[in-house]
Structure formats: C-alpha cells, structure tokens
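See structure below.
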Amino acid sequence: MNLPYGVSGFYNSAEEKPPEMDISKYKEFCYSLARSLDGELLGFSDSLYPANFCKADFKLPSSAVSLVMNKHYPILAFAAAVDAVKIEFIDFSTGNAVVPDGFTVLRPATLETQVPENLEYLPPNHLNQGELEQIKYWKPETIGQIIFNFWD
C-alpha cells in the first residue's frame, strides 16, 4: 500500500499542507449507496474531531455498516464499528461493487497490515516528516490506523 503525502492529516509548518477532499462527492456517493442497496443513510459526519476521516452509517436489509473516507484522499473502507479506540474494518463486496471511479476501497487485509517498528520498512510511501513524527509518537499498530486516525 502506497501511503501518499499527508494521508494522516499531519505536516510540519515548513512542509506543504496535505490536499483536502471535496466532501460533497463522498456525500453524494453515500446517498447513492443507500439507494442502490435498499438501505437507509442513518447519519453522516465530517467533523469527528480529531479524526482525519468522514463517516457515514447505514442501515441495510441484512446489517448495519459504516463507510469511512480519509479527508485528504479518496480512500474508503467499510466497517462494522467505528469508535474512538478502534475501527473494525470489514469486507463488504456488495458495497465495493457500486463504488464509483475516483474512489479506492481498501480491504481489511491491507488495512490490518502491521506497521514495522523501523519506519524505514514501511511500504513505499511519501509520508512527510510531520507524519513520521506522529507515527513515532502515536505508535499505530496497523496501516489502517495511519490512514484513519483519531490523533490530535
């Protein structure tokens, strides 16, 4: 998994600010997803401070599911549960099948990849110095905890 510049939301003042996503496209997709799966969009939040992601909750005929999107890149993940301590990522092939071009859905196998102790061994990445400092401080266990974090 290539970790793009600013995916964690952090950067030092001397570094370029990470890009920001147009949240309206995510919202449109969430409404579309609910309709296409005969479900209901229960709620949407783009201000889960200090989270670096947006979250939408759905009630579907067979289950409840959440969809998170990184605030800096069009990276999505489906989850069974999202709280301030952990996100329980799930495979949701029905949802994956209707994701429009321009978004990337990451599966649990990718998100649960362990972060190496020596950050030089992270998968090829473009993380900035501020992000590397935050990773050293917060000590995330998985790649998913870097891409979707609650760091402040």
Side-chain angles (χ1 to χ4, degrees), residues 1-33 41-58 63-93 95-152:
M1 162 86 222
N2 182 13
L3 297 174
Y5 180 96
V7 73
S8 72
F10 286 89
Y11 63 103
N12 288 331
S13 60
E15 297 173 320
E16 184 178 334
K17 184 177 179 179
E20 295 205 15
M21 287 299 303
D22 178 355
I23 303 302
S24 65
K25 293 185 186 318
Y26 172 68
K27 286 183 178 180
E28 286 174 24
F29 169 58
C30 289
Y31 284 108
S32 172
L33 179 66
L41 177 60
L42 297 176
F44 175 84
S45 179
D46 62 353
S47 58
L48 297 168
Y49 181 81
N52 72 332
F53 59 89
C54 303
K55 178 180 80 120
D57 296 313
F58 300 89
S63 65
V65 68
S66 295
L67 177 66
V68 293
M69 182 186 79
N70 183 278
K71 286 186 177 181
H72 304 282
Y73 291 92
I75 300 172
L76 305 172
F78 288 99
V82 178
D83 63 44
V85 177
K86 182 176 171 53
I87 300 175
E88 185 183 337
F89 297 111
I90 59 171
D91 272 318
F92 189 60
S93 57
N96 290 353
V98 296
V99 172
D101 290 340
F103 289 99
T104 300
V105 178
L106 297 181
R107 297 183 180 272
T110 300
L111 294 163
E112 293 166 3
T113 301
Q114 295 295 305
V115 174
E117 281 188 42
N118 184 341
L119 297 182
E120 291 178 19
Y121 296 113
L122 270 172
N125 68 74
H126 302 283
L127 299 175
N128 63 54
Q129 191 59 42
E131 291 178 289
L132 293 172
E133 291 167 6
Q134 292 296 316
I135 291 168
K136 288 176 186 173
Y137 177 80
W138 291 102
K139 297 178 179 26
E141 296 175 3
T142 66
I143 296 296
Q145 291 172 345
I146 295 172
I147 298 171
F148 302 103
N149 69 64
F150 295 93
W151 306 341
D152 59 357

Legend entry - Sub-6.0 Å ring centroid separation between Y26 and F103: no
Legend entry - Closest approach of P50 to D152 (non-hydrogen atoms, all atoms of both residues): CB-CB, 3.7 Å
Legend entry - Spacing of Q145 atom CD and E141 atom CD [to the nearest 0.5 Å]: 5.5 Å
Inset, instruction - Please confirm whether the backbone N or O of D22 pairs with a side-chain atom of K25, one donor and one acceptor, at under 3.5 Å? - result: no
Legend entry - Side chain to side chain, L106 and I75, heavy atoms closer than 4.5 Å: yes
Legend entry - Worked verdict on N70 versus F148 for side-chain contact (heavy atoms from CB on, under 4.5 Å): CA-CA 6 Å; N70 183 278; F148 302 103; 4.2 Å; yes
Inset, instruction - Would you list the pairs meeting ring pair (Phe, Tyr, Trp, His ring centres under 6.0 Å) in which at least one residue belongs to residues 64-83, sequence neighbours left out? - result: F78-F92
Legend entry - Reported OG-to-CD1 distance for the pair S8 and I147, which is rounded to 0.5 angstrom: 10.0 Å
Legend entry - Exercise: identify the closest heavy-atom pair between E131 and G9: OE2-N, 4.3 Å
Residues 80-91 side chain polar contacts: donor-acceptor under 3.5 Å, at least two apart:
{"residue": "D83", "atom": "OD1", "partner": "V85", "partner atom": "N", "Å": "2.8"}
{"residue": "D83", "atom": "OD1", "partner": "K86", "partner atom": "N", "Å": "2.8"}
{"residue": "D91", "atom": "OD1", "partner": "R107", "partner atom": "NH1", "Å": "3.2"}

Inset, instruction - Quick one: pull up CG in L119 and CD in E133 and give me the separation to the nearest 0.5 Å. - result: 11.5 Å
Legend entry - Under 3.5 Å: donor-acceptor pair, side chain of N128, backbone of N12: no
Inset, instruction - For residues L67 and K55, determine if any side-chain heavy atom of one lies less than 4.5 Å from a side-chain heavy atom of the other. - result: no
Inset, instruction - To the nearest 0.5 angstrom, please state how far the CG atom of L42 sits from the SG atom of C30. - result: 11.5 Å
Inset, instruction - To the nearest 0.5 Å, tell me how far K27 NZ sits from M69 CE. - result: 10.0 Å
Inset, instruction - Measure across F29 and L76 and return the closest heavy-atom pair with its distance rounded to 0.1 Å. - result: CE2-CD1, 4.0 Å
Legend entry - Aromatic ring pairing F150/F53, orientation class (parallel under 30°, perpendicular over 60°, tilted between): perpendicular
Legend entry - Gap between atom CD1 of I135 and atom CG of L127 - 0.5 Å precision: 5.0 Å
Inset, instruction - List the atom of G130, the atom of E15, and the distance in Å for their closest heavy-atom pair. - result: N-OE1, 3.2 Å
Inset, instruction - For residues L111 and A77, report the shortest heavy-atom separation together with the two atoms involved. - result: CD1-CB, 3.6 Å
Legend entry - Taking every non-hydrogen atom, the tightest pair across N149 and I146: ND2-O, 3.0 Å
